[in-house]
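What follows is one structure encoded as structure tokens, with my remarks underneath.
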Amino acid sequence: MYQTNPPLSPKETLPTMYDLPSEDPEEPGLPDQFHLFQPQLLAETFRPPNYPSDQIFTGSDLNLYYDLRHPSWYKRPDWFGVLGVPYLYENKDLRLSYVVWQEAVNPYIVVELLSPGTEKEDLGQTLRDVEKPPGKWEVYEQILRVPYYAIFDRYKSEFRMFQLTGARYTEVNLSDFRFWIPEIKLGLGVWQGSYKTVEMPWLRWYDQDGNWILTSTEEEKQKAEQERQKAEQERQKAERETQKLEQERQKTERLIAQLRALGVEPDL
């Protein structure tokens, strides 16, 4: 093999992660780092105030079994949220999968993160092979009747929301890349910020005042900052009190000196 002088770096001569597929051709959509972090942020900030925390379940990259007639058929959403079911299966065990005919509650919202190998299926642009299971779009829209279906493309920072209207999904017009869901008193939108020390656009939930729901880590940082500010305020208050006492002391000393100059000995 021909070598340059000096030799080229491996990045210039060998395949990089951009050249090699992150997906299994037989099972497209397997997680890369973004597909791990983004669902975590969605789960951490999905806190509908009108549902207790022990009646909310979120799953990511978890088999979702949807058809009792074909019990082996499943989809694996990048993230989905279910309301009105125990956080633990039968209140005692971590879920291995989500089986709708056992849970009796379908997902309320599904989020798919676009990747080159799944984009057409995520958007319902593939033709159904009658000998194979239906695609994601058909399952979410026609079988599970999921009320809200969101799609996020990190490469374009593009967020699209589809709402079940009658028998079909209709795309809604987003305002400032945000969408409010009144039934759960939460909104979903694109946030530019740092999560897991990575600065980029992320999809996350916000409250009725438009504030982004904080993760537990952010809450701890906020609490620590509030305590620091409180301590600083107390320090400044104590410093002001000390200065005030010192001013009073100096004022008293001047008054004593004036009285003594007049031949009056103050009664201390």
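If you're wondering where the values come from, they're calculated on a predicted model, not measured in any experiment.
- Aromatic pair Phe162/Tyr140: centroids not less than 6.0 angstrom apart.
- What you find for Leu164 and Val146 is that their closest heavy atoms are CB-O, 3.9 Å.
- Phe177 CZ: 12 or fewer foreign heavy atoms inside a 6.0 Å radius.
- Note that CG of Leu62 and CG of Leu96 are 8.0 Å apart. Values are rounded to the nearest 0.5 Å.
- The shortest distance between side-chain heavy atoms of Glu103 and Tyr89 falls below 4.5 Å.
- Lys136 approaches Lys75 most closely through the heavy-atom pair N-CE, 3.9 Å.
- Between Glu225 and Lys221 no salt bridge is recorded (no basic side-chain N to carboxylate O distance below 4.0 Å).
- Leu42 is not listed as a side-chain neighbour of Thr58, based on a closest heavy-atom distance of 4.5 Å or more.
- Proximity of a side-chain donor or acceptor of Asp209 to a complementary backbone N or O of Asn211 within less than 3.5 Å is not detected.
- Asp93 places none of its side-chain heavy atoms less than 4.5 Å from the side chain of Leu88.
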Exercise. Under the side-chain contact (heavy atoms from CB on, under 4.5 Å) criterion, do Tyr149 and Trp137 qualify, and how do the steps go?
Worked result: CA-CA 9 Å; Tyr149 177 38; Trp137 186 282; 3.5 Å; yes

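- A salt bridge does not link Lys244 with Glu241: every distance from a Lys NZ or Arg NE/NH1/NH2 to an Asp or Glu carboxylate oxygen is 4.0 Å or more.
- Counted by atom type alone, Gln33 and Lys196 present zero donor-acceptor pairs between their side chains at under 3.5 Å.
- For Phe46 and Trp79, the ring centers sit closer than 6.0 Å to each other.
- Between Arg249 and Glu246 there is a salt bridge, with a side-chain nitrogen of the basic residue lying less than 4.0 Å from a carboxylate oxygen of the acidic one.
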Exercise. When you look at Tyr148 and Glu183, which way does the side-chain hydrogen bond (donor to acceptor under 3.5 Å, both in side chains) test go after all the steps?
Worked result: CA-CA 11 Å; Tyr148 296 97; Glu183 299 90 344; 3.2 Å; yes

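- Between the Asp61 side chain and the Asp78 main chain, no donor and acceptor come within less than 3.5 Å of each other.
- Of the possible polar contacts, none joining the Asp67 side chain to the Ile143 backbone as a donor-acceptor pair under 3.5 Å is found.
- The environment of Phe37 atom CZ is dense: over 12 non-hydrogen atoms of other residues, nucleotides or ligands sit within 6.0 angstrom.
- Side-chain atoms of Leu83 and Ile56, non-hydrogen and from C-beta on, do get closer than 4.5 Å to each other.
- Of all non-hydrogen atoms in Ile181 and Tyr108, the two that sit nearest each other are CG2-OH, 3.8 Å.
- In this structure, Arg95 is positioned above the aromatic face of Phe57, its NZ or CZ under 6.0 Å from the six-membered ring centre and within 45° of the axis.
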For this session: For the pair Ile109 and Leu188, evaluate side-chain contact (heavy atoms from CB on, under 4.5 Å) and give the outcome as yes or no after the intermediate values.
Result: CA-CA 11 Å; Ile109 181 169; Leu188 186 63; 4.2 Å; yes

For this session: Begin with the C-alpha distance, continue with both residues' side-chain angles, and end with the deciding distance and a verdict on side-chain contact (heavy atoms from CB on, under 4.5 Å) for Lys223 and Glu219.
Result: CA-CA 6 Å; Lys223 183 179 179 180; Glu219 286 178 338; over 6 Å; no

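- In this structure, the side chains of Leu64 and Pro77 come closer than 4.5 Å at one or more pairs of heavy atoms.
- Defined by atom type and a distance below 3.5 Å, a donor-acceptor pair is present between the side-chain atoms of Tyr195 and Glu44.
- Side chain of Arg47 to main chain of Leu214: a donor-acceptor pair is present (N/O by atom type, distance under 3.5 Å, no hydrogens or angles).
- The shortest distance between side-chain heavy atoms of Arg154 and Gln38 does not fall below 4.5 Å.
- Residue Trp73 comes nearest to Pro134 through the heavy atom pair CZ3-CD, 3.5 Å, listed as atom of the first residue, atom of the second, then distance.
- Gln163 and Glu171 form no side-chain donor-acceptor contact under 3.5 Å, judged by distance and modelled atom types alone.
- Here the closest non-hydrogen pair linking Phe80 and Pro107 is CD1-CG, 3.9 Å.
- Put simply, CE on Met161 and CZ on Phe152 are 12.0 Å apart, with the number rounded to the nearest 0.5 Å.
- Side-chain atoms of His70 and Pro133, non-hydrogen and from C-beta on, never get closer than 4.5 Å to each other.
- The closest donor-acceptor contact from the side chain of Glu218 to the backbone of Thr215 lies under 3.5 Å.
- Counting non-hydrogen atoms of other residues, nucleotides and ligands closer than 6.0 Å to CD of Gln55 gives a total above 12.
- Distance CZ/Phe179 to CG/Leu186: 12.0 Å, rounded to 0.5 Å.
- The environment of CG in Leu245 is crowded: more than 12 heavy-atom neighbours from other residues, nucleotides or ligands sit within 6.0 Å.
- The minimum heavy-atom distance linking Thr45 with Leu41 is given by the pair OG1-O, 2.8 Å.
- Panel note: side chain Asp153, backbone Leu114; no donor-acceptor pair is recorded below 3.5 Å.
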Exercise. Between Trp101 and Tyr65, is a side-chain contact (heavy atoms from CB on, under 4.5 Å) present by the stated rule, with each step listed?
Worked result: CA-CA 8 Å; Trp101 58 84; Tyr65 292 92; 3.8 Å; yes

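- Between the side chain of Trp202 and the backbone N or O of Val198 there is at least one donor-acceptor pair closer than 3.5 Å.
- Met200 contributes atom CE, which lies 11.0 Å from atom OG of Ser194 (distance to the nearest 0.5 angstrom).
- The closest side-chain heavy-atom distance from Pro48 to Asn50 is below 4.5 Å.
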